[in-house]
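Shown next, in structure tokens, is the structure this report addresses.
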Amino acid sequence: MHDSTIAQLAEALRARRISAVELTRHFLDRIARHDPALNAFITVTEDEALRAAEAADRRLASGDASALTGIPIAHKDIFCTEGVKTSCGSRMLDNFVSPYDATAVERLKAAGMVMLGKTNMDEFAMGSSNETSWYGPVKNPWDTTRVPGGSSGGSAAAVAARLAPAATGTDTGGSIRQPAALSGVTGIKPTYGRVSRYGMVAFASSLDQAGVFAATAEDAALVLEAMAGFDPRDSTSLDEPVPPYAAEIETPWERLKIGVPKNFFDEGLDPAYAEAVRAALAEIEKLGADLVTLDLEYLHLSVPTYYVVAPAEASSNLARFDGVRYGYRSPGAEQLDLVTFYKRNRAEGFGAEVKRRILIGTYVLSAGYYDAYYLKAQRVRKLISEDFARAFREVDLLAGPTTPTPAFGLGQKTNDPIQMYLNDIYTIGANLAGLPAMSIPCGFVDNLPVGLQLIGPPLAESRLLKTAHYFQKATDWHRRVPPGYE
Ligand code: GLN
């Protein structure tokens, strides 16, 4: 069952060849068997899942089912889930049970999807390797001595190991695409504002965007369709109708002009990885596309710009965690004066990477430095957006590698934040410009997956998904499953 696509599972559910309860049990069993080695889940909601599956079976029997009714899904632990722990990978929220559902969760629930549990992640989504989680690192199913990528590493690993047919994620600087690439699955980050941020614990609000992981672009299209759309509770939500992605990706292929940024292939890129990406581009060319080389002039400034803007917003967003109403409170802290109370709770509740971001963010926003750093970064951000806008006057899509290398070893980059940050060199630009982008499996280097990144102009999700879908009809990289998880 776990090697079927969501569309196939939905078919089997509607034909009553399987029940939602059977399907849910199947995935829960796989989680019980495999997750101890992977640590992809922080919480498994077995009882709730079985109850939701029973309700889905009733809906299926009554004929009132959607395309996703009875299909299991895992949610990144950054999404608030009513009555279920929502930790954001942090000790700070280890005791937090959300009183409400995030909009994305609510919509998937309304579609009849069955939540299996909450996936592990870098603390407050800060990281590229899933090693900053309070709950320990996630292991890459392709090689458990390596990282799955981050910050949505638990979701990526869960889908890669077929512990869930789909999983939600968030992408502030690459956290859907980078783990999708390193774990060998399909991941899409839609246009900024396409999916509501309501109930998604905030990291950097002008960059954060929810999206989805699945084995195929077709599956991702189905889930995204149900998640996306205007939400009055998120002031940056886009008030635009959601196209029927799953239907649009099946329309006949139309010739595309694809821009390949020269500087995506600069010296930082692993040569074998580059070769796999070039082979994938040649495959897309065969489907009917003209490849043109172009330059993104300010690409090299995207990582430094991001590491001013994102920490600035994070330092402000994370000020709410003080241990007063909810979240971590140091034992005996009530006896302390107020300032020491805050300091103790935050010192013990946050991990090192989160503290580093808060310090950087507070510094770049402080009087005297605001103009030199934060304002300057906002200006460069504008230049980067214009760079992309210029490119999209010439081409329909941009394509290149998702990451500079395949999955690296656990612990290999933890002592060198700059090296860790450079992992997102190809992904961060799309966040700064608010553009939709995705990563799809396109080859292997030393048995480790390689990701092809596609970036589109605003609201071009259908074009991205359709290109990925046609690529997946012509190739089978996305069907490879890590050994031991078949
Ligand atoms: N790796 C980047 C960071 O640590 C991006 C994280 C993300 O997209 N959430 O900030």
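In listed order, ligands and their atoms are each counted from 1.
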Which atoms from ligand 1 have a heavy atom of [X] less than 4.0 Å away?
X	result
Ser151	9 (N)
Met126	4 (O)
Ala125	6 (C), 7 (C), 9 (N)

Margin query: Taking side-chain hydrogen bond (donor to acceptor under 3.5 Å, both in side chains) as the criterion, tell me which of Thr172, Asp234, Asn317 meets it with Ser205.
Written below: Asn317
Please write down residue, atom name and distance for the protein heavy atom closest to [atom].
atom	result
atom 1 (N) of ligand 1	Asp424 OD2, 2.5 Å
atom 7 (C) of ligand 1	Ser175 OG, 2.4 Å
atom 10 (O) of ligand 1	Tyr306 OH, 2.6 Å

Check: Less than 6.0 Å separating the ring centroids of Tyr198 and Tyr100?
Finding: yes
I'd like to know if [X] and [Y] make a salt bridge, using a cut-off of under 4.0 Å between side-chain N and carboxylate O.
X	Y	answer
Glu353	Arg357	yes
Lys189	Asp171	no
Asp295	Lys262	yes
Asp94	Arg91	no

Notebook entry, point to check: Taking N or O atoms only and a 3.5 Å limit, does Ser128 qualify as a polar contact for ligand 1?
Noted result: yes
Note to self: For ligand 1, which is the ligand I care about here, please tell me if Thr170 has any N or O atom under 3.5 Å from one of the ligand's N or O atoms.
What the structure shows: no
Checklist line | Candidate with minimal heavy-atom separation from atom 4 (O) of ligand 1, of Glu123, Met420, Arg357 | finding: Arg357
Notebook entry, point to check: Nearest non-hydrogen atom to atom 3 (C) of ligand 1 belongs to which of Phe203, Phe124, Tyr421, Tyr307?
Noted result: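 The nearest heavy atom belongs to Tyr307.
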Next item on the list: For Ala161, enumerate each residue passing the side chain to side chain contact (heavy atoms under 4.5 Å, CB included) test, keeping only those at least two apart in sequence or located in another chain.
Entry: Leu38, Pro141, Leu163, Tyr485
